[in-house]
Amino acid sequence: MKKILTGFCFTDIHNQQSMLDYPTVVRGSLIQAKEIASEEFGLADVAIVGGDNISDYPHWNKSCALPRKNFLDIKNKINDCIAESVKDRKVLYVAGNNDMILGDIGTEENEPYNTTDFYDLMDRAFGVLPENEKIILKSDEKPGELYWGAFHYVVNGIDFIGINIDPNTAFNSHEGYYSNETLLWVRDKLNEIDPDGRKCVFVVGHLSAIYYYNNGSLTETMINGDRALFYSIFKGHQNTFYLYGHVHGESSCYREYSSGAVLHINEDNMPLGDNLREEDSCGKQYACSFVHMGGLRPFGRQYFEKDGREGFGGEKELQYYPNTATPTLAQFLVFEVYEDRVVFYIRNTGTHELYHRKDKLKEYTVYLV
């Protein structure tokens, strides 16, 4: 069967602390990921950035003093880095919970601004969206800013719906959540573009739902918002894939098989069994699939190289930040869409002995219904 599209997924980059001092610096695992992906798979048709691009300046709940010029600098550097691996520079961005809080309080040199605003880059790459292809939200805290709640693009005939965290929830929850207004818009858009329930569609968001923790136990992480409504929007769309980030680091990586990143969800909102060592989805009956996009930053200091940066990172004195170093353990997702199936690949970027970039995890094939 003919291949229709190749997609690269990079999430939870977490450029942080002195990396955000001006001029800013892109995390090494992102640079490695886009190089590894393009070397193995060629140029992608679309790349997806799953949120939490920037964070911890210097702490998540004190992250509000990133000057606008620093944000614009890191924004363009992230885009230039990824766009080199993508045809026509088609890079799709959704907002993470850390992204939502970085521009919320002004600094001496600028007023508050929207640190999730990658909209101009997407307008240039995909074309300006008609009003009926996006939903606009406002923040009570920053009424002058407009936020995309959700949006819809088509690439090579494949539909992509991006879904963003409600900006109002960034002020009362570290995770944030999707507003009911946005979820209902996504539900209606899915029904519009896939009335028969058999079209291949990707819904992309930052927030996780259910995933494999430590390569074994299933963990529910969607703790805020209307979880029942979230699950319901996928019902009747069996070939829809929800791509997510948010969970990352050493407890959220996969060994040997890419199948661990893919969960098939049944009508009762539960995953179908343990598919950690499977190579395809033959014979499975399910309502939709959730797919983890990996993560480009670990947590423990033992999982970083020794090339961390010195800087101010929002503090008054120069200091060393070990977690700005290049991760030895980080993963990303690649997917290929064919006329009859989607093939998912998890890939490593670092030098960790159990998750080395030379180790190719076995792909996982999902056959379209």
Exercise. Distance from R68 atom CZ to N114 atom CG, nearest 0.5 Å?
Worked result: 9.5 Å
For this session: Taking K189 for its side chain and N132 for its backbone only, find out whether a donor-acceptor pair lies under 3.5 Å.
Result: yes
Exercise. If only atom types and distance count, is the side chain of N275 paired as donor or acceptor with the main-chain N or O of S259 below 3.5 Å?
Worked result: yes
For this session: Could you tell me whether M222 atom CE has more than 12 heavy atoms of other residues or ligands within 6.0 Å of it?
Result: yes
Exercise. If you draw a 6.0 Å radius around NZ in K360, do more than 12 non-hydrogen atoms from other residues or ligands fall strictly inside?
Worked result: yes
Exercise. Donor-acceptor pair, T326 side chain versus E305 backbone, under 3.5 Å?
Worked result: no
For this session: Measure from the side-chain N and O atoms of Q238 to the backbone N and O of G197, and report whether any donor-acceptor pair falls under 3.5 Å.
Result: no
For this session: Measure from the side-chain N and O atoms of D307 to the backbone N and O of A325, and report whether any donor-acceptor pair falls under 3.5 Å.
Result: no
Problem set entry | Close side-chain approach of H237 to N191, heavy-atom, < 4.5 Å | yes
For this session: Quickly, which of F344, F335, F160 forms a ring-ring contact (aromatic ring centres under 6.0 Å, His included) with F241? Name it, please.
Result: F344
Exercise. Quick one: do E39 and R347 make a salt bridge, cutoff under 4.0 Å?
Worked result: no
Exercise. In terms of heavy-atom contacts, does CD of Q285 have more than 12 from other residues, nucleotides or ligands at under 6.0 Å?
Worked result: no
For this session: Evaluate the ring planes of H292 and Y244, with Trp represented by its six-membered ring, and classify them as parallel (under 30°), tilted (30 to 60°) or perpendicular (over 60°).
Result: parallel
Problem set entry | Expected output: side-chain T324 to main-chain R309 donor-acceptor under 3.5 Å | yes
Problem set entry | Non-hydrogen side-chain atoms of Y93 and M122 separated by less than 4.5 Å | yes
Exercise. Is a donor on one side and an acceptor on the other found under 3.5 Å between the side chain of K34 and the backbone of F10?
Worked result: no
Exercise. Checking side chain to side chain donor-acceptor pair (under 3.5 Å) against R27, which of Q32, H14, Q16 comes through?
Worked result: Q16
Seminar exercise, completed: Note: D268 and N266 closest approach over all heavy atoms is N-OD1, 2.8 Å
For this session: Run the numbers on E336 and Y345 for side chain to side chain donor-acceptor pair (under 3.5 Å), then give the verdict.
Result: CA-CA 9 Å; E336 296 177 318; Y345 307 81; 2.7 Å; yes
Problem set entry | N/O donor-acceptor pair under 3.5 Å between S258 side chain and I346 backbone | yes
Problem set entry | Main-chain N/O of V201 paired to D159 side chain as donor or acceptor, under 3.5 Å | no
Tell me which donor-acceptor pairs under 3.5 Å the side chains of residues 202-209 have, and how far apart each pair is, sequence neighbours excluded?
from	atom 1	to	atom 2	distance (Å)
H206	ND1	G50	O	2.7
H206	NE2	D52	OD2	3.4
H206	NE2	N97	OD1	3.0
H206	NE2	H246	ND1	3.1
S208	OG	T221	OG1	2.3

Seminar exercise, completed: In terms of heavy-atom contacts, L368 and C200 come closest through CD1-CB, 4.1 Å
Problem set entry | For Y242 against Y178, the heavy-atom pair lying closest together | OH-OH, 2.8 Å
Problem set entry | Parallel, tilted or perpendicular: rings of F234 and F290 (30°, 60°) | perpendicular
For this session: Heavy atoms only: give me the nearest I165-G96 pair and the separation to one decimal.
Result: CD1-C, 3.6 Å
Exercise. Can you find a heavy atom in the side chain of F304 that is under 4.5 Å from one in the side chain of R297?
Worked result: yes
Exercise. Would you call the rings of Y119 and W148 parallel, tilted or perpendicular if under 30° counts as parallel and over 60° as perpendicular?
Worked result: parallel
Problem set entry | Backbone N/O of N180 and side chain of D226: donor-acceptor pair under 3.5 Å | no
